[in-house]
Amino acid sequence: MRVIAPDRIVWDGSAEEIILPSSTGQLGILTNHAPLLTALDIGVMRVKIEKEWIPIVLMAGFAAVENNNVKILVNGAEEVKDIDATKVQILLDEALANLEKATSTKEKIEATQNVRKARARLQAINAVK
């Protein structure tokens, strides 16, 4: 499995199972999964290695599954160790306030995206606890 963001390779290794935040809901990938191409939403990808789940926040993109190989191309990704829970809570509060104040379609879309990103980060942090 390989997770690639524009600025770096986020993950390059094997996994027992992967759960992806697809645009149609959570999508589980196991060994010998059928070939698949899917859009990914902002959310938490979970990677299972030796019975331990590792969460990684994905900022939307695409995943391709073929011949027991998963390639994930995303707009951005964050590992839990790089996320500050206090800062994320502040960002979530600000994003929710901006969403309430938003008047234009652009402002509403931007604020909604920021809310979703902050919530995904908090979800990843809580998955580790």
Side-chain angles (χ1 to χ4, degrees):
M1 176 186 75
R2 192 170 220 194
V3 179
I4 303 168
D7 58 339
R8 66 190 171 106
I9 294 175
V10 179
W11 186 278
D12 191 4
S14 59
E16 297 167 32
E17 184 176 353
I18 304 165
I19 298 177
L20 297 170
S22 80
S23 58
T24 57
Q26 297 292 307
L27 175 64
I29 308 293
L30 293 167
T31 303
N32 297 322
H33 194 285
L36 170 76
L37 179 62
T38 187
L40 299 176
D41 209 350
I42 295 170
V44 179
M45 172 180 77
R46 291 169 183 80
V47 181
K48 185 177 181 183
I49 300 172
E50 296 179 12
K51 299 182 183 182
E52 182 181 340
W53 288 96
I54 300 167
I56 299 174
V57 179
L58 301 182
M59 301 302 174
F62 295 92
V65 179
E66 188 172 26
N67 298 325
N68 288 323
N69 192 8
V70 180
K71 291 179 187 167
I72 300 167
L73 303 173
V74 291
N75 297 324
E78 298 172 9
E79 296 178 73
V80 173
K81 65 180 176 64
D82 299 329
I83 300 173
D84 181 326
T86 304
K87 287 181 184 176
V88 171
Q89 188 60 55
I90 292 168
L91 290 173
L92 176 59
D93 294 341
E94 288 174 0
L96 288 168
N98 289 338
L99 184 57
E100 281 187 34
K101 294 186 292 186
T103 54
S104 72
T105 302
K106 181 183 181 217
E107 289 172 340
K108 289 177 185 177
I109 290 170
E110 227 173 74
T112 299
Q113 292 292 352
N114 289 333
V115 167
R116 293 175 67 215
K117 289 176 184 178
R119 285 186 174 152
R121 290 176 179 123
L122 287 176
Q123 182 184 359
I125 290 168
N126 291 331
V128 174
K129 292 180 181 179

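Residue indices begin at 1 and follow the sequence shown.
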Does the side chain of Ile56 come within less than 4.5 Å of Val44's, by heavy atoms? no

Min side-chain heavy-atom separation Arg2-Trp11 under 4.5 Å: no

Donor-acceptor pair, side chain of Asp82 and main chain of Glu78, under 3.5 angstrom: no

Which pair of heavy atoms, one from Ala15 and one from Ile49, lies closest together, and at what distance? CA-CG1, 4.2 Å

Can you name the one residue among Ile19, Val65, Leu36 that meets side chain to side chain contact (heavy atoms under 4.5 Å, CB included) with Leu27? Leu36

For the student: nearest non-hydrogen atoms of Ala63 and Ile72, plus distance: CB-CG1, 4.0 Å

Shortest non-hydrogen contact from Pro6 to Gly76? CD-N, 4.3 Å

For Asn98 and Asn114, which I'm curious about, is there any donor-acceptor pair between the side chains at under 3.5 Å? no

Please report the shortest heavy-atom distance between Asn68 and Thr31, naming the atom on each side. OD1-C, 3.5 Å

Within a strict 4.5 Å, meaning less than it, do heavy atoms of the Ile18 and Lys48 side chains meet? no

With side chains defined as the heavy atoms from C-beta onward, is the minimum distance between Met59 and Val74 less than 4.5 Å? no

As an exercise, state the distance from CD of Glu16 to CD of Glu52, rounded to the nearest 0.5 Å. 10.5 Å

Is a donor on one side and an acceptor on the other found under 3.5 Å between the side chain of Asp41 and the backbone of Ala60? no

If you take all heavy atoms of Ala95 and Ala111, which pair is closest and at what distance? O-CB, 4.1 Å

Could you check whether any side-chain heavy atom of Glu17 comes within less than 4.5 Å of a side-chain heavy atom of Ile29, counting everything from C-beta outward? no

Determine whether Thr112 and Leu99 make a side-chain contact, defined as any pair of heavy atoms from C-beta on separated by less than 4.5 Å. yes

Is there side-chain contact between Thr86 and Val88, with at least one heavy-atom pair below 4.5 Å? no

Using side-chain contact (heavy atoms from CB on, under 4.5 Å) as the criterion, list what pairs up with Ser14, not counting sequence neighbours. none

Worked check of side-chain contact (heavy atoms from CB on, under 4.5 Å) between Leu92 and Arg119: CA-CA 7 Å; Leu92 176 59; Arg119 285 186 174 152; 3.9 Å; yes

Determine, using the 4.5 Å side-chain heavy-atom cutoff (strictly less than), whether Val57 and Ile4 are members of one ILVMFWY cluster. no

What about Ile42 and Val115, same hydrophobic cluster or not, with Ile/Leu/Val/Met/Phe/Trp/Tyr joined at side-chain heavy-atom distances under 4.5 Å? yes

Under 4.5 Å between any side-chain heavy atoms of Leu122 and Gln89, yes or no? yes

Determine whether a donor-acceptor pair (N or O, by modelled atom type, separation under 3.5 Å) exists between the side chain of Arg8 and the backbone of Ala77. yes

For the atom pair CG (Leu40) and CZ (Phe62), what is the distance rounded to the nearest 0.5 Å? 8.0 Å

Considering all heavy atoms, the nearest Met45-Leu58 contact: CB-CD1, 3.6 Å

Partner set under side-chain contact (heavy atoms from CB on, under 4.5 Å) for Glu107, not counting sequence neighbours: Ala102, Thr103, Ser104

Kindly determine whether Gln26 and Arg46 satisfy side-chain contact (heavy atoms from CB on, under 4.5 Å), including the steps that lead there. CA-CA 10 Å; Gln26 297 292 307; Arg46 291 169 183 80; 3.7 Å; yes

Is there a path of hydrophobic side-chain contacts, each under 4.5 Å between heavy atoms of I, L, V, M, F, W or Y residues, that connects Ile125 with Ile54? no

